[in-house]
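Working notes, beginning with the structure itself.
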Amino acid sequence: MPTFQAPRGMRDLLPEEAAAFDALQAVIEARALRYGYPRIATPIVEDRGVFTKSVGEASDIVGYEMYDVSLHGQGGLVLRPEGTAAVTRAFLEHGLHRAPRPVRFFYYEPMFRGQRPQLLRYRQFWQWGLECFGPEEALADVEIVDFTARLFAEVGLRSYELEVNTIGDAKCQPKVKEALASYFAKNRDALSDESKERLERNPLRILDSKDPKDRALVAAAPQMHELLCAEDREHFAQVIAGIERLGHQYKVSQTLVRGLDYYTRTVFEFVLTDREFTKSGDIAVAAGGRYNDLVQTLGGPPVQGVGIAGGVDVLHAALKKEGVRMGGATEADVYVLSAEKADGADRLQIADPLRQAGFNVAIDYSDRPLDKQLESAVKHGAKVAVIRGTPEARGGNVIVRDLVAKTQRVTRLAAVVTEVGRHVPKHRTPPLYEGPSNPDEHEPGAAGEAPFLKDDRD
RNA sequence: GCGGGAUUAGCCUAGUGGUUAAGGCCCCAGAUUGUGGAUCUGGUUAGACGGGUCCGAUUCCCGUAUCCCGCCCCA
């Protein structure tokens, strides 16, 4: 029995799953770049205040879901429970509120919340996210929804639906809360105990209560959109028009509110609809919204923003359920074996040019009989065995054996790379630098277009 | 954080208040002085952890841990 185990709600990603997470990151990050959202990485640990100020003192995340971090008894630090506030902190710390707007970020990072683990709810979980600082235009909200819908289409997620709503801005939200609070206060006795508390803390949250008692009251409550200002309604109308124009399926839910205090106006959730995931209530695969006051809340100038966060663990599970394959091979294509004992250096020497050439090559370290080594190579998923040390594989020759076709040929050492290449693919090493090519190399008219137009003012 | 269920080897499953806890898969080795996934034989590995009841517990009870379900909340 293991003496240690991973902490509650935290798990290991074994190679296959880790590869899937890497693949998801690559796809999401590439798309983010295509939308103009470069990656930012912030520390896993942040000042507690970053979240208490932004997410809301009264929210559960801040209340009791944050992990304290201390060094030599010096506290005040927490494991970040979400990305938006952390990215906003970085945005301000580096003076990026003075950078050309909008300022856009993508992130893909683990988050930590001390919540009770449940289906697809972990204490350490991965989120991808987008943050856009600057624009007040509804277009930015629409683009983020568009990003997510097209991302899900690209990776093959089908069973989800999109819900959108608006909850008003700083001027308006207090009025909405007040109106709802007074309505629910009048019917206080009919509310669930939970909602009686919510009445004090955040009456908006009563709207998405699951309790049947509350739901009846909510159904008869004043409609959110009737309580909002004209500007909020207009902004929301533009969001809806944009989503519609792009042909994305959506549903307006006037009871959709979010648990984080910083949201203003637009809020949205992408919720899984597969039965396996709806058994236990809604599971969001991505959610976000507009946060027009967050930057100010954290001590910056008035800069509006909008963003989204998606659960990688959730997305991974949903895609798996839909039969989508993710991640590259985790096993070497080529195995180097030998019938000779204690010739490890020779095996490494054979492997080296193959590796240089881009093949994934593993070595059998043992002096076991050749049949054992072959069996082991097959069990490790190898497609090709390179065998040395047999009578025919001497004097500068090795055997290259196709383990799938069960055919082989004796090959000169100098030709091993070529021969192996007939059976398994080479893998490209990602470039260390992927910048613009030398502009001087560009030849005007090379693609058939006319040479650069001359500017008459010159 | 609150409530309910579960926990037998690396994995899946059986069984029992009483001597060496069973089987399958996996893993290791041998049959096969060396070309594989089969077969046969052998081997390693277990009742989450800590208490209690009892002559004796893996089996009954309690606590703790983890997982699952519901609530809260949320990606």
Side-chain angles (χ1 to χ4, degrees), chain A residues 1-11 14 55-56 58-65 81-84 107-129 148 160 192-195 197-198 201-202 205 208-211 257-260 269-272 277 279-288 307-318 335 337-341 364 366-382 384-393 399-408 410:
Chain A
M1 78 243 84
T3 310
F4 294 109
Q5 50 187 283
R8 170 185 287 184
M10 304 194 183
R11 67 210 180 100
L14 298 181
V55 174
S59 78
D60 288 280
I61 288 183
V62 164
Y64 49 75
E65 287 189 355
E82 63 109 39
T84 302
Y107 63 84
Y108 185 101
E109 304 278 339
M111 304 294 166
F112 301 84
R113 290 180 199 167
Q115 59 197 348
R116 195 91 190 179
Q118 241 171 284
L119 181 64
L120 294 181
R121 278 184 46 191
Y122 303 103
R123 289 187 161 187
Q124 175 180 340
F125 56 99
W126 292 76
Q127 281 189 332
W128 63 266
T148 309
Y160 73 88
S192 67
D193 291 345
E194 294 288 349
S195 286
E197 274 183 46
R198 285 192 272 238
R201 281 191 302 162
N202 187 354
R205 296 225 48 117
D208 67 354
S209 169
K210 285 182 206 156
D211 194 293
V257 295
R258 316 259 19 255
L260 311 178
E269 282 186 2
F270 291 79
V271 183
L272 296 181
F277 303 122
K279 286 184 302 199
S280 52
D282 290 343
I283 295 182
V285 64
I308 190 166
V312 179
D313 308 80
V314 176
L315 180 59
H316 175 259
Y335 237 85
L337 328 173
S338 175
E340 201 173 306
K341 291 186 192 304
D364 193 309
S366 77
D367 290 337
R368 293 180 292 181
L370 200 54
D371 60 339
K372 286 291 171 194
Q373 294 188 41
L374 276 161
E375 187 180 340
S376 172
V378 169
K379 285 180 176 171
H380 280 93
V384 166
V386 175
I387 306 163
R388 74 175 302 281
T390 66
E392 61 269 53
I399 298 167
V400 175
R401 179 171 177 82
D402 187 317
L403 296 170
V404 181
K406 301 192 180 183
T407 57
Q408 67 182 39
V410 176

**Study point:** Nucleotide B:rA65, atom P - distance to CZ of A:Arg123 in whole Å
**Key:** 10 Å
Review point. What pairs with A:Phe270 under ring-ring contact (aromatic ring centres under 6.0 Å, His included), at least two apart in sequence or on another chain?
Key: A:Phe152, A:Tyr160
Revision key, fill the gap. From CD of A:Gln373 across to P of B:rA29 the rounded distance in Å is 11 Å
Practice item. Could you check if the base of B:rG47 is syn or anti? Syn means the glycosidic torsion is within 90 degrees of 0. Key: syn
Review point. Between atom CD in A:Gln115 and atom P in B:rC68, what is the gap in whole Å?
Key: 12 Å
**Study point:** Whole-Å gap separating P (B:rG1) and CD (A:Glu65)
**Key:** 11 Å
Review point. Could a donor-acceptor pair under 3.5 angstrom be found where the side chain of A:Lys341 meets the base of B:rG34?
Key: no
Practice item. Measure from CG on A:Leu119 to C1' on B:rC68 and round the result to the nearest Å. Key: 9 Å
Practice item. Identify, with sequence neighbours excluded, every residue that meets salt bridge (charged side-chain N to carboxylate O under 4.0 Å, His left out) alongside A:Arg123. Key: none
Exercise for review: Kindly indicate whether the side chain of A:Arg113 and the base of B:rC73 share any N or O donor-acceptor pair separated by less than 3.5 Å?
Suggested key: no
Check your understanding: Looking at OG1 of A:Thr148 and CD1 of A:Ile308, how far apart are the two atoms once the value is rounded to the nearest 0.5 Å?
Key -> 3.5 Å
Check your understanding: Quick one: CD on A:Gln373 to OG on A:Ser338, what's the gap to the nearest 0.5 Å?
Key -> 6.5 Å
Check your understanding: For RNA chain B, which residues in residues 308-317 of chain A have a heavy atom at a distance below 4.0 Å?
Key -> A:Ala309, A:Gly311, A:Val314
Exercise for review: Report yes if a donor N or O on one partner sits less than 3.5 Å from an acceptor N or O on the other, where the partners are the side chain of A:Arg401 and the base of B:rG36; otherwise report no.
Suggested key: yes
**Study point:** Stems where RNA chain B pairs, listed by first number, each of three or more Watson-Crick or G-U pairs under 3.5 Å
**Key:** B:1-7 with B:65-71, B:10-13 with B:22-25, B:27-31 with B:39-43, B:48-52 with B:60-64
Review point. Going by 5.5 Å between centroids and 30° between planes, is there a stack of A:Trp126 over B:rA75?
Key: no
Check your understanding: Within the modelled atom types, does a donor on one side and an acceptor on the other bring the side chain of A:Glu375 and the base of B:rU35 under 3.5 Å apart?
Key -> no
Review point. Considering only the C1' atoms, how many Å lie between B:rU16 and B:rC40, rounded to the nearest integer?
Key: 32 Å
Review point. Rounded to the nearest 0.5 Å, how far apart are CD1 of A:Ile399 and CZ of A:Arg388?
Key: 11.0 Å
**Study point:** Separation of the C1' atoms in B:rA9 and B:rC25, to the nearest angstrom
**Key:** 12 Å
Check your understanding: Rounded to the nearest Å, what distance is computed from the CD atom of residue A:Gln127 to the C1' atom of nucleotide B:rA75?
Key -> 5 Å
Exercise for review: Determine the interatomic distance between C1' on B:rC72 and the same-named atom on B:rG3; round to the nearest Å.
Suggested key: 12 Å
Check your understanding: Does A:Arg11 count as lying over the ring of A:Tyr122, i.e. NZ or CZ under 6.0 Å from the six-ring centre, within 45 degrees of the axis?
Key -> yes
Check your understanding: For A:Arg368, what residues pass the salt bridge (charged side-chain N to carboxylate O under 4.0 Å, His left out) criterion, not counting sequence neighbours?
Key -> A:Asp364
**Study point:** Non-neighbouring partners of A:Tyr108 that pass ring-ring contact (aromatic ring centres under 6.0 Å, His included), sequence neighbours left out
**Key:** A:Trp126
